[in-house]
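Below is one structure, written out as structure tokens; the observations come after it.
Lettering follows sequence order; numbering is per chain, from 1.
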Amino acid sequence: MSQEAQGPEEKGFAVKNAGEARALQRVLAGRIKIVPLGKKPRFVAGADAAFLDDQVLAVACLFTYPEMELIDIKTVVMKVTFPYIPGLLGFREGPAVVRAVRGLMQKPDLLFIDGQGVAHPAKMGIASHAGLLLDIPTIGCAKSRLVGDYAEPGRKRGQRSPLFHKGELAGTVLRTKDGVRPVFISPGHRIDFEGSVEMALSCGRGFRIPEPTRVADMETKRLKKAMEEKKRQRYTEAVCKKHCSYYRPEKSARKCGAYLFLSGVLTAGEIEGVGPAERAAFDQDQVIRGLACGRCQFLTTWCPYRTAGPSKGKPCGGYLVIERLLSR
DNA sequence: GCGACAG
DNA sequence: ATCTTGTCGC
Ligand SMILES: [Mg+2]
């Protein structure tokens, strides 16, 4: 069975509000090293995150370099513990991302992260933060600007222009594909400005986004889609298959009103705790009609209960579940 | 006080 | 990031 990573949170992200987060960034920033990459990397990785309800889904992808052959993928699912606040992205995605990278079969020699490195108000974007905690050379590869000023780079792949923030070089606005919007590259940790641009280009394979973060992003979405599908199956199981006498395995283009209402308010786990359908003692019909039947697409053609009347037919499974929940 | 503002 | 159908271009 799939698990949600729990236990002691990554120590380097332990804050409980924006103020503490900014204070921690100021402390950690002093440890960031902008130095040339030691030797040519053998393994590079990319990491990104997606969100589903109250969970963060992080993925780290490992590649050989310079072949850029994908050799490992690590997934981590955790509870979301911090909101998105510009400048504090690391505290939202960082914990899961760091765990994912740590889970790879081989520690990468270079890591790409979807977000800024030192091109940040405190020079501590998510790439710097994660790179420092992991002690891995890291590059921030963002799709848009957080801070800094720059001139539009030439339209050819490889053309670039410096990104300046408060009179200092903060990153590079790099054109990774002819005529396509540039990306914002900035060193995160243990690599320099020049090296981060060279690596971003050499890890590219014809797309705007370098392979490491591009593939990590795709995997993140694929995992999310699979989780949503599993969630739907579990819900259909808990409500329709278990309680509805009208249930049919075939997919229908129409949506059950009671199902829609329930899925918007309760989780499958909460509904699985509902016992076998058993009519409640008192009448909740008016309430349920407003909550569910009002938007039910099966109402006129399939619902004997609504169409012919309570004495003629049985209500659907979702109706029964709602009724049972309301009666307690 | 008003805009800007990674994902 | 997420929501959300179709549509325009290579
Ligand atoms: Mg992302």
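- Residues that satisfy the side-chain contact (heavy atoms from CB on, under 4.5 Å) test with A:Asp53, not counting sequence neighbours, are A:Lys231.
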Identify every side-chain donor-acceptor pair in residues 287-295 of chain A under 3.5 Å, counting partners at least two apart or on other chains, and give the distances.
none

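- Every residue meeting the side-chain contact (heavy atoms from CB on, under 4.5 Å) condition with A:Leu89, not counting sequence neighbours, appears here in chain and number order: A:Tyr84, A:Glu93, A:Ile126.
- Using a 4.0 Å cut-off on heavy atoms, none of the residues of residues 162-201 of chain A approach DNA chain B.
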ask   = How is the base pairing of DNA chain C summarised as a dot-bracket string, given the Watson-Crick and G-U wobble criteria with both distances under 3.5 Å, [ ] for crossing and | for another strand?
value = ..........
note = Nucleotide by nucleotide, nucleotides 3-10 of chain C touches protein heavy atoms under 4.0 Å in the pattern (B base, S sugar-phosphate only, - none) S-------
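- Among the pairs that DNA chain B forms, none builds a region of at least three successive Watson-Crick or G-U pairs under 3.5 Å.
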Return a table of donor-acceptor pairs under 3.5 angstrom between the side chains of residues 249-259 of chain A and protein atoms on other chains or two or more places apart.
residue	atom	partner	partner atom	Å
A:Ser252	OG	A:Arg254	N	3.0
A:Arg254	NH1	A:Thr301	OG1	2.7

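- Every residue meeting the side-chain contact (heavy atoms from CB on, under 4.5 Å) condition with A:Met218, not counting sequence neighbours, appears here in chain and number order: A:Arg214.
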query = What string of B, S and - do you get for nucleotides 1-7 of chain B, 5' to 3', when a contact is any protein heavy atom under 4.0 Å?
reply = ---SBBB
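- Other residues sharing the hydrophobic cluster of A:Val56, ordered by chain and number and joined by side-chain separations under 4.5 Å: A:Phe51, A:Val80.
- Counting Ile, Leu, Val, Met, Phe, Trp and Tyr side chains that sit under 4.5 Å apart, directly or through other members, A:Phe184 shares a hydrophobic cluster with A:Tyr150, A:Leu163, A:Val173.
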